[in-house]
Every structure is written in C-alpha cells, then in structure tokens.
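Have a look at the structure below before the remarks.
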Amino acid sequence: MGDLQGKVAVVTGGSRGIGRGIALTLAGRGATVVVNYQRNAEAAQAVVAQITGAGGTAEAVGADVSTEEGANALIGGAVKAHGRIDILVNNAGITRDNVIMMMKADDFDAVIQTNLRSAWLCSKAAVRSMMRKRSGRVINITSVSGVMGQAGQTNYSASKAGLIGLTKSLAREVGGRGITVNAVAPGFVDTDLTSTLTEEQRATSHQFIPLGRWGTIEEVAETVAFLASDSAGYITGHVLSVDGGLGM
Ligand code: NAP
C-alpha cells in the first residue's frame, strides 16, 4: 500500500520524459494514473504496460491539452471513468527556441498554448470536480527558465513564468476548498526536450549549476509525488526548484 493508494491522478504529457517518470512514480505509490499524450500512443501504452505489469492501474488517453476540446475531454473523461480527480499534474510542454529577431509569432503562440493555456484549461476543468470533494492537488511543471529567464527562450520563459502566476493565483482562489496548487521548477534534465543540446553546451551548463550536474527524471518525479502526498498538505502557492541550485 503506497501513500497515494486510492487516489486518481492525471498526468498531461505522461508518455515520455519527465511526465513518464511522474506517471510511474505516482503509480508506484498506489495512484490510478491517467497517462495523457498527444501523438505518441505507443509510448503512452508502454508506460501503461509498465505500470500494470508492476501491479498498478493506469490508462492512456490521447488529447491535445492546448485545445479546450482536448483538455475538457481528458479531464471530463477521467472524472466520468473514476468519479474524481485527486491529483492533476500539468506537465505537457514544448520548446521552439530562437532569438527574438528570428522567432516567428507562431512559435510564440504554440509554446504559450501548449505550456500555459493547457494548464489553465485542465486546471479549470479539474478544479470543478476537486471543489465538490473539497480536496485536491494541482502541480504545474514550470522551469528554471521561467524563474531566471533564458536567452533564446522568450516564448518558453514567458510560458513558464506565466505558470508561476497561474499557480499562485489559483492557490489563493481554491485554498479555502482544501485544494493545494504548487509548481515544480526543474533545471536541466536529460529528455527528448533537451536532446538537441551538444556535449559542449552540456559541459558548459555544469559550470553554472552549484551541484555540478544535471538533474534526473526521478528527482523531479519524487518532488511531484511529495507535493501530491498528505505530507505536503500545508504547502500551497509554492515554486519548488529541482535545479541543483542553478536558479538561486
Ligand atoms: P518531452 O520529453 O519532450 O515530453 C513532452 C511530453 O509532452 C510528451 O509526453 C508529449 O506527448 C507531451 N505533449 C506535448 N504537447 C502536448 C499537447 N499539446 N497535448 C498533450 N501532450 C503534449 O519533455 P520533458 O523534457 O519531459 O518536459 C516535460 C515538462 O518539463 C515540460 O513542461 C517542460 O517544459 C518541463 N521542463 C523540462 C526540463 C528539461 O530539462 N527536460 C526542464 C525544465 C522544465 P507525445 O509523446 O504524444 O508527443
């Protein structure tokens, strides 16, 4: 029996990278996990197979959470299937990096819609159900880039800073209903998202990280699991950095 036994969790972008790690960790602690993906059904099914193979419960649900229809279908479907959502992890995210002079307005819009609008849409839909239960956990995956800013990421940093504002405002709105809203701000983590960085860029990044290395998916996932747990019941509106000290 894990500490999340009986809880229902939705992880957006749970098919790969950090979202996959979060889905596996929450399931390992006993939660029933809805593993959302946009395109990569095979990867999402593999996460579900890994969870069920270990004795857990999970299902894969395809939905583009940057759209109102997709977000409502994902959250509405989960509530219908399980009667509740206890934990929402807004993790789905993309990058479309470039210096501002070269960045297209479409690249700005796509990143804001996928990283920020999706979290607003899914939170809006999930909080409705959480309010009825007078309990719930919303955990937004922001980034050190949203805290510090990053050259070449005006779109991404804006989306992640926006997530921090969303986190704090929603925490104030729904605190009285027993719902906590927090953000986790990872630094560099090895996933498909960061796979375009060269070995040289990786080595350079280590110089700016007090702990001298990148973080692991598991380190981020364990932090999310803590915020989802009863142990974190009095924490809300907080941005928890998992960045080896990079952003301080
Ligand atoms: P990743 O490996 O590229 O995975 C992205 C995930 O998001 C995939 O599961 C993808 O689904 C899903 N996704 C993308 N657009 C979607 C949409 N419109 N609707 C539903 N799902 C969508 O990325 P990652 O590195 O794990 O990043 C996960 C989160 O952590 C992101 O919010 C990212 O900004 C944040 N983060 C990452 C790092 C890092 O160093 N990696 C650092 C700080 C913050 P498909 O498989 O279907 O494409």
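Note that ligands are numbered from 1 as they come in the structure, with each ligand's atoms numbered from 1 the same way.
- To the nearest 0.5 angstrom, T32 atom OG1 is 10.0 Å from I87 atom CD1.
- In summary, the atoms of ligand 1 found under 4.0 Å from a heavy atom of S143, numbered by their order in the structure, are 43 (C), 44 (C).
- The part of K160 lying near ligand 1 is the side chain, judged by heavy-atom distances below 4.0 Å.
- Listed by number with element, the atoms of ligand 1 under 4.0 Å from a non-hydrogen atom of N36 are 20 (C), 21 (N).
- The distance criterion of under 3.5 Å between nitrogen or oxygen atoms is not met by G19 with respect to ligand 1.
- Remark: ligand 1 and Y37 share no N or O pair separated by less than 3.5 Å (distance only, no angle test).
- The protein atom (non-hydrogen) at minimum distance from atom 31 (C) of ligand 1 is N91 O, 3.1 Å.
- Ranking the protein heavy atoms by distance from atom 16 (C) of ligand 1 puts Q38 OE1, 3.4 Å first.
- The closest side-chain heavy-atom distance from S123 to L88 is below 4.5 Å.
- Note that CD of Q38 is 10.0 Å distant from OG of S118, once rounded to the nearest 0.5 Å.
- Those atoms of ligand 1 that come under 4.0 Å of a heavy atom in D64, given as number and element, are 17 (C), 18 (N), 19 (N).
- When atom types are taken as modelled, the side chain of N155 and the backbone of D107 share a donor-acceptor pair closer than 3.5 angstrom.
- For ligand 1, the atoms lying closer than 4.0 Å to a non-hydrogen atom of G17 are 2 (O), 26 (O).
- Looking only at protein heavy atoms, the nearest one to atom 12 (C) of ligand 1 is G13 CA, 3.5 Å.
- Residue T12 places every heavy atom at 4.0 Å or more from ligand 1.
- Distances shorter than 4.0 angstrom do not occur between any heavy atom of W214 and any atom of ligand 1.
- Under the 4.5 Å side-chain heavy-atom criterion for Ile, Leu, Val, Met, Phe, Trp and Tyr, V10 and I51 are members of distinct hydrophobic clusters.
- Annotation: atom 43 (C) of ligand 1 to nearest protein heavy atom, P186 O, 3.4 Å.
- Here is the list of ligand 1 atoms found below 4.0 Å of a heavy atom in N40: 45 (P), 46 (O), 47 (O).
- Taking any N or O of T114, backbone or side chain, none lies under 3.5 Å from an N or O belonging to ligand 1.
- A donor-acceptor pair under 3.5 Å links the side-chain atoms of T52 to the main chain of A49, judged by distance alone.
- To the nearest 0.5 angstrom, I100 atom CD1 is 8.5 Å from F108 atom CZ.
- At a 3.5 angstrom cut-off on N or O pairs, Y156 counts as close to ligand 1.
- Among all heavy-atom pairs drawn from E222 and R29, the shortest one is OE1-NH2, 2.5 Å.
- In this structure, G187 is part of the shell of residues with a heavy atom less than 4.0 angstrom from ligand 1.
- Counting the atoms of ligand 1 from 1 in the order shown, those under 4.0 Å from a heavy atom of D192 are 2 (O).
- Residues satisfying the salt bridge (Lys or Arg N to Asp or Glu O under 4.0 Å) test with R202, not counting sequence neighbours, are D190.
- Looking at S15 and N40, their side chains never bring a donor and an acceptor atom within 3.5 Å of each other.
- Taking all atoms of both residues into account, the shortest heavy-atom contact from D3 to S229 is OD2-CB, 3.7 Å.
- In this structure, G13 and N91 approach most closely via the heavy-atom pair O-ND2, 2.9 Å.
- Clustering ILVMFWY residues whenever any of their side-chain heavy atoms sit less than 4.5 angstrom apart, transitively, puts I139 in a cluster other than the one holding L170.
- Pairing each heavy atom of D86 with each of M130, the nearest pair is O-CE, 3.8 Å.
- Summary of contacts: the protein heavy atom closest to atom 46 (O) of ligand 1 is S15 OG, 2.6 Å.
- Using a 4.0 angstrom heavy-atom cutoff, A63 counts as in contact with ligand 1.
- Closest non-hydrogen pair, T142 versus L163, comes out as CA-CD1, 4.0 Å.
- Residue G14 comes nearest to V47 through the heavy atom pair O-CG2, 3.7 Å, listed as atom of the first residue, atom of the second, then distance.
- Looking from atom 30 (O) of ligand 1 to the surrounding protein, the closest heavy atom is I141 CG2, 3.4 Å.
- From the protein, the heavy atom lying nearest to atom 13 (N) of ligand 1 is A92 CB, 3.9 Å.
- Of all the listed residues (E42, Q113, R20, R39), R39 holds the heavy atom that lies closest to atom 47 (O) of ligand 1.
- For T191, every heavy-atom contact with ligand 1 shorter than 4.0 Å involves the side chain, none the backbone.
- For the pair T194 and ligand 1, the shortest N or O to N or O distance does not fall below 3.5 Å.
- Distance alone, capped at 3.5 Å, places no donor-acceptor pair between the N140 side chain and the A119 backbone.
- The shortest contact between atom 48 (O) of ligand 1 and any protein heavy atom is with R16 NH2, 2.9 Å.
- The closest heavy-atom contact to atom 37 (C) of ligand 1, among the options V11, I18, V189, comes from I18.
- Residue-ligand proximity: T142 is placed with a non-hydrogen atom under 4.0 Å from ligand 1.
- Not close to ligand 1: N115, with no non-hydrogen atom less than 4.0 angstrom away.
- Every atom of ligand 1 is numbered from 1 in the order shown, and the set under 4.0 Å from a heavy atom of F188 is 40 (O).
- Counting heavy atoms under 4.0 Å from ligand 1, residue L193 touches it through both backbone and side chain.
- Sorted by first then second residue, the ring pair (Phe, Tyr, Trp, His ring centres under 6.0 Å) pairs that include residues 170-195, not counting sequence neighbours, are F188-W214.
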